[in-house]
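Step one of this worksheet: look at the structure below.
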Amino acid sequence: MGKGKRILLLGVYGMEMVECGGVICKNAKADGTSHVSVLFAGPRMQEALGPSAETLGCTIEYLNMDVGTISASVEEKKQVIKVIRSFKPDIIITQDPEHCIGDLDPGRRPAMTLLLEAMALAGRRIWLDEEAGTEPHRGFTVYYMTPEHPNCLVDILEVWDEKCHAMDLLESQLEFIGELSDTPEQRATWSRFIPGVEEMDLLEYGTKIKRIMDQAYHMYYGSNGHNKVLLSENYRKESLFVLDQLM
């Protein structure tokens with residue numbers, strides 16, 4: 001990562017902080033500053049995200065928007081614009097516009113419109129007031145997380161343990177993952193990889209499933225993609241890379 005940056009994650013759901021946890025944690029170790037702003041997170045998730053953020057070395061806030069009514073309204077845009085203008089990031093990370101179209105998590109599609117519009121407006125001389133911040137901020141680089149078509153990888157091997165621990169703290173999410181696979185047939189399938197799965201409660205079951213899924217995903221683009229990295233997070237940079245010379 002080199003010298004640390006000011007990184008802002010505009011998250012739709014809270015778990016996205018951990019999905020980008022490798023980059024966030026490496027940025028902290030490089031004396032950078034990372035901040036996470038989450039649109040949707042219930043009380044139990046918020047309670048867990050605080051300790052998780054401490055593990056990764058970032059700060060976190062909640063915009064407390066409604067997953068069922070979000071509409072990219074003026075008021076919602078001003079909330080996100082103020083986050084950008086207040087933090088003044090070098091880099092913004094957010095969800096992938098391609099992936100969100102077919103994702104069945106509710107709210108992702110209108111959230112994408114909201115986030116793109118807010119990023120565009122944050123640098124314009126519009127709504128310069130207390131609700132949206134008083135100074136424009138532009139010039140940040142945008143990266144899309146877990147994209148359909150990545151064009152860069154970040155080696156996260158050195159912070160893998162911190163990323164896994166941060167995920168283990170999100171118990172409501174892990175229970176939900178366990179619930180999604182909680183049938184006798186699915187438990188029998190997972191028993192091929194997780195000994196004793198039949199006796200596990202939803203939290204332990206979901207935790208074991210998530211660890212296997214994460215390891216497989218974070219190895220896929222790196223070591224399984226003939227790249228010289230064992231565990232990596234994948235991103236897509238908006239617009240072209242500018243290089244002094246070929247790397």
Side chain to side chain contact (heavy atoms under 4.5 Å, CB included) evaluation trace for E131 with K82: CA-CA 7 Å; E131 289 184 336; K82 187 170 185 178; 6.0 Å; no
Counting neighbours of CG on L243 that are heavy atoms of other residues, nucleotides or ligands and sit closer than 6.0 Å, is the number greater than 12? yes
Considering all heavy atoms, the nearest L9-M17 contact: CD2-CA, 3.5 Å
State plainly whether one hydrophobic cluster holds both M65 and I92, where clusters connect Ile, Leu, Val, Met, Phe, Trp and Tyr through side-chain heavy atoms under 4.5 angstrom apart. yes
Is any side-chain N of the basic residue among K3 and D31 closer than 4.0 Å to the acidic one's carboxylate O? no
Common cluster, I84/L114, ILVMFWY with side-chain heavy-atom separation under 4.5 Å: yes
Test item: M145 and Y235 side chains (from C-beta on) under 4.5 Å apart, heavy atoms: yes
What side chain to side chain donor-acceptor pair (under 3.5 Å) pairs are there with at least one residue in residues 114-130, not counting sequence neighbours? K78-D129
Hydrogens and angles aside, do D103 and H99 bring a side-chain donor and acceptor to less than 3.5 Å of each other? yes
Assess whether a salt bridge exists between K208 and E199, defined as any Lys/Arg side-chain N lying under 4.0 Å from an Asp/Glu carboxylate O. no
Verify side chain to side chain contact (heavy atoms under 4.5 Å, CB included) between T141 and K5, making sure each step is shown before the conclusion. CA-CA 11 Å; T141 303; K5 304 287 187 180; over 6 Å; no
Looking at D155, is its backbone amide N or carbonyl O close enough to the side chain of K26 to form a donor-acceptor pair, meaning the two atoms are under 3.5 Å apart? yes
Salt bridge or not between K29 and E162? Use side-chain N to carboxylate O under 4.0 Å. yes
Check whether E76 reaches the backbone of S71 with its side chain - one donor and one acceptor, N or O, closer than 3.5 Å. yes
Nearest atoms (heavy-atom pairs only) where G178 meets Y205: O-CE2, 3.5 Å
Donor-acceptor pair, side chain of S34 and main chain of C58, under 3.5 angstrom: no
Report yes or no: does H137 contribute a side-chain atom to a donor-acceptor pair with the main-chain N or O of G123 at less than 3.5 Å? no
Apply side chain to side chain contact (heavy atoms under 4.5 Å, CB included) to K163 and L231, showing your working. CA-CA 11 Å; K163 180 181 171 84; L231 293 164; over 6 Å; no
What residue among L170, L49, V38, L174 forms side chain to side chain contact (heavy atoms under 4.5 Å, CB included) with M15? L170
Grab the two heavy atoms, one from P106 and one from V67, that are nearest each other, plus how far apart they are. O-CG2, 3.1 Å
Under 4.0 Å between a side-chain nitrogen and a carboxylate oxygen: does that hold for R211 and D168? yes
Do you know which two heavy atoms are closest between I194 and M200, and how far apart they sit? CG2-CE, 3.5 Å
Distance, nearest 0.5 Å, that separates CZ of R6 from NE2 of H35: 10.0 Å
Under a 3.5 Å distance rule, please check whether Q95 uses its side chain to pair with a backbone N or O of R108 as donor and acceptor. yes
To the nearest 0.5 Å, atom NE2 of H218 lies from atom CG of L230 at 12.0 Å
For the pair N27 (side chain) and G4 (backbone), establish whether a donor and an acceptor sit closer than 3.5 Å, ignoring hydrogens and angles. no
Checking the side chain of R187 only, and the main-chain atoms of V197 only, is there a donor and an acceptor separated by less than 3.5 Å? yes
Mark yes when over 12 heavy atoms from residues, nucleotides or ligands other than E148 sit less than 6.0 Å from its CD; otherwise mark no. yes
Assigning hydrophobic clusters by single linkage (Ile, Leu, Val, Met, Phe, Trp, Tyr; side-chain heavy-atom cutoff under 4.5 Å), is Y13 placed with Y62? no
Counting only N and O atoms by type, is there a donor-acceptor contact under 3.5 Å from the side chain of E175 to the main-chain atoms of S172? no
So, for S191 and E198, which heavy atoms are closest and what is the spacing to 0.1 Å? CB-OE2, 3.6 Å
As a quick check of understanding, evaluate side chain to side chain contact (heavy atoms under 4.5 Å, CB included) for E233 and I93, giving each step before the final call. CA-CA 12 Å; E233 289 176 356; I93 301 172; over 6 Å; no
Expected output: side-chain N227 to main-chain V229 donor-acceptor under 3.5 Å: no
Could you see if L153 belongs to whatever hydrophobic cluster contains I24? Use Ile, Leu, Val, Met, Phe, Trp, Tyr and a side-chain cutoff under 4.5 Å. no
Mind checking whether Y143 and F241 have parallel, tilted or perpendicular rings, split at 30° and 60°? tilted
Just how far is it from atom CZ of F140 to atom CD1 of I7, taken to the nearest 0.5 Å? 14.0 Å
If hydrophobic clusters are built from ILVMFWY residues whose side chains come within less than 4.5 Å, do L202 and L169 share one? no
Within the distance-only criterion (no hydrogens, no angle test), does the side chain of R85 pair as donor or acceptor with the backbone N or O of G133 below 3.5 angstrom? yes
Tell me the closest heavy-atom pair linking A41 and N64, and the distance in Å. O-OD1, 4.4 Å
